[in-house]
Chemist: 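I have a structure I would like to understand better, so I am pasting it below and will then ask my questions one at a time.
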Amino acid sequence: MAKFLDLMMSHLLATMSGVADDTDRMHVIEIVVFVSLLCLCIILGHLLEENRWMNESITALLLGLCSGVVVLLASKGRNSHILQFDEELFFIYLLPPIIFNAGFQVKKKEFFRNFMAIMLFGVVGVFISFGIITVGTRYLFTKMGLKHLSMWDYLAIGTIFSATDSVCTLQVLNQDDTPLLYSLVFGEGVVNDATSVVLFRAVQNYNFDAYTAVEALDVGGNFLYLFFTSTVFGVSAGLLSAYIIKTLYFGRHSTDREIAIMTLMAYLSYLLAELCYLSGILTVFFCGIVMSHYTWHNVTEASRIATKHSFATMSFIAETFIFLYVGMDALDVDKWRMSKTSVGEFLGRFGILLLLVLVGRAAFVFPLSALSNYWTKSPTTKISLRHQVIIWWAGLMRGAVSIALAFNQFTEGGRTRSSDEATVITTTITIVLFSTIVFGTATKPLIGWLLPAHLKTLYREDTLSDPPSPKDISVDSDIHVPLLLGTSEADQEHNGVNFIINGLRRPSSITALLGASTSGIHRVWRNFDDAHMRPLFGGRGFVRQVSRRPTIPEDEPFEDSNSEE
């Protein structure tokens, strides 16, 4: 009997081990297929680089759609996924490198020069769009059969479709040709996403059972608290990293440690912010800005080059992964079956929601642009009508943040719980696909029509005293003026080197120098930064060279190994 039990237990353990091995093998196969699709997407994006209509985001979406069709056929209509979407995967692993790289690569002077307009679009504009979409869907969707969605759900829909995705536009904009337009679209996109997430979480904490004016004020107060606390948290994390790297000087032993501590501290700031129920997006974004202003200049030249390309690569892979998955998720048969809606009803809700997105976007872009132009005194920062149209168009696309918020609100473990929730999910996915493919495809021709070459030159602003950022071309820190040049040649070379290193454009005359407009706030900040911040945290002008222990004693002359004895 004992022998029989031993045999049964051995057989059971072997069976369980085989099942576990099969499960692990399937996971490995899924990952291999998805990584292969990522590689294929990168190759296709490279081959279509010069195409007028395509870009990498659209390529990833279409490839995801095609892959979903293949998986759907192979599974005989049971599934279209290779990997199961999880909003935690998005918020914990995919979103941080995208947002951090956005802050790390931004041209800070252009960003802060247009800070007022960016904040108007990214914060005030979100509330305007949120109000229009929420009221519109609440009134129209209930008349079209969606009876089981709560007010909380409609507020969530307002935040979901207020989150823009301007990746397609940024891929065809040139930061040097149109710095004003690029900084506005880029800055608004990041601040908009952060504001939408913060507003989404504030709405989730709203108590509809005790609806009072005080509760409404609490939502606004909670939003402001999250916004400013997360910003301060990110700035503090960036300053701490700069102080640690400047003080401990990791580069004297290993540049790998410099890169590792920068990467880990940036990611740690995001995780700690989420752990403290703050906005990790805002935290890691401003951490990236501070790191590019201080920390990046404290490391060795090798670490600067490595970090610039490493952060950009991680961001690129994460963005491609998201678009690829969204394309696959559009064919999720379970959600479409649970939706239980006719084609006509679905197209009606889709058209209404798309119209509300268009109207909500226009309702703040053009009025807030006029308000920004009224406040702005400098003619180089005024937003022309052509720019306003492009900014409006750039914000019509919805992307990864909208998908993640929709899954967070209307699914549980990736599965919808009711027919109305499944309808919202499928409509969200369709809006993301339609806006990215249709609006994204027309972006490059629209910009070429509104901003031809001669107008791009006309709109190009001066970037006086713009400090170098990781986005700029890196220059070796050991450039010296040749001592063997003549006086005039040496002066010219010295001026050229100073221009490259400091990023300063020399004025053509004394009159131009004296007439250069400088913001009072910017002047005060630069003086404070030079006097107090940079001596403590390092930054531009702080050059760290790797110290290597000499292999030959300093008191012994160097002897050529090839010389005759």
Side-chain angles (χ1 to χ4, degrees), residues 102-125 166 169-170 173-192 194-195 231 234-235 238 282 285-286 288-294 296-297 365 368-388 390-391 394-395 451 455-472 499 502-507 512-530 533-534 539-540:
F104 192 75
Q105 303 283 359
V106 68
K107 284 191 174 181
K108 294 177 289 297
K109 184 166 185 179
E110 285 297 326
F111 178 82
F112 287 105
R113 175 186 289 176
N114 304 294
F115 187 74
M116 181 60 68
I118 290 173
M119 297 305 290
L120 283 175
F121 291 150
V123 179
V124 179
S166 54
T169 305
L170 293 177
L173 280 178
N174 191 304
Q175 190 168 197
D176 296 322
D177 288 342
T178 55
L180 172 62
L181 183 59
Y182 187 95
S183 64
L184 289 175
V185 173
F186 171 81
E188 189 233 337
V190 175
V191 176
N192 178 292
T195 304
T231 301
V235 171
L282 275 176
F285 175 68
F286 281 98
I289 291 180
V290 173
M291 276 193 171
S292 69
H293 187 68
Y294 295 110
W296 189 72
H297 296 278
V365 168
L368 293 182
S369 296
L371 183 61
S372 176
N373 290 338
Y374 176 77
W375 282 344
T376 302
K377 297 180 180 179
S378 174
T380 59
T381 56
K382 289 187 178 297
I383 308 172
S384 68
L385 182 59
R386 295 173 182 265
H387 284 164
Q388 293 176 33
I390 295 176
I391 293 170
L451 292 179
L455 285 181
K456 287 183 180 179
T457 305
L458 179 64
Y459 286 134
R460 185 179 295 145
E461 292 93 11
D462 292 330
T463 54
L464 292 173
S465 66
D466 192 8
S469 69
K471 190 76 175 177
D472 300 326
F499 166 76
N502 299 321
L504 299 175
R505 181 174 298 173
R506 290 186 296 159
L513 175 64
L514 297 177
S517 60
T518 305
S519 171
I521 298 177
H522 182 255
R523 187 189 307 113
V524 171
W525 161 248
R526 288 296 297 272
N527 292 335
F528 176 78
D529 193 26
D530 293 336
M533 300 296 287
R534 286 179 181 168
R540 183 165 60 101

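Along the sequence shown, residues carry numbers from 1.
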Chemist: My understanding is that only one of Ile118, Leu282, Leu120 makes a side chain to side chain contact (heavy atoms under 4.5 Å, CB included) with Val191; could you say which?
Modeler: Ile118

Chemist: Does any N or O in the side chain of Gln388 come within less than 3.5 Å of the main-chain N or O of Ile383, such that one atom is a donor and the other an acceptor?
Modeler: yes

Chemist: To the nearest 0.5 Å, tell me how far Arg534 CZ sits from His293 NE2.
Modeler: 4.5 Å

Chemist: Ring pair (Phe, Tyr, Trp, His ring centres under 6.0 Å) with Phe285: which residues, sequence neighbours excluded?
Modeler: Phe111

Chemist: If you count heavy atoms of other groups shown closer than 6.0 angstrom to CE of Met533, is the number above 12?
Modeler: yes

Chemist: Any chance you could lay out the side-chain contact (heavy atoms from CB on, under 4.5 Å) test for Phe121 and Asn192, step after step, and finish with the verdict?
Modeler: CA-CA 8 Å; Phe121 291 150; Asn192 178 292; over 6 Å; no

Chemist: How long is the straight-line distance from OG of Ser292 back to NE2 of His297, given to the nearest 0.5 Å?
Modeler: 7.0 Å

Chemist: What residues form a side chain to side chain contact (heavy atoms under 4.5 Å, CB included) with Val290, not counting sequence neighbours?
Modeler: Val235, Leu239, Tyr294

Chemist: Any chance you could measure Tyr374, atom OH, to Lys382, atom NZ, to the nearest 0.5 Å?
Modeler: 10.5 Å

Chemist: What distance do Met119 atom CE and Leu368 atom CG have between them, rounded to the nearest 0.5 Å?
Modeler: 12.5 Å

Chemist: Output all residues satisfying side chain to side chain donor-acceptor pair (under 3.5 Å) with Asn373, sequence neighbours left out; order by chain, then residue number.
Modeler: none

Chemist: To the nearest 0.5 Å, what is the distance between OG (Ser369) and CD1 (Ile391)?
Modeler: 5.5 Å

Chemist: Taking atom CG of Asn114 and atom OH of Tyr182, what is their separation to the nearest 0.5 Å?
Modeler: 13.5 Å

Chemist: Considering non-hydrogen atoms only, spot the tightest contact between Glu188 and Gly122 and give its length.
Modeler: CG-N, 3.8 Å

Chemist: With a 4.5 Å heavy-atom cut-off, do His387 and Leu451 have their side chains touching?
Modeler: yes

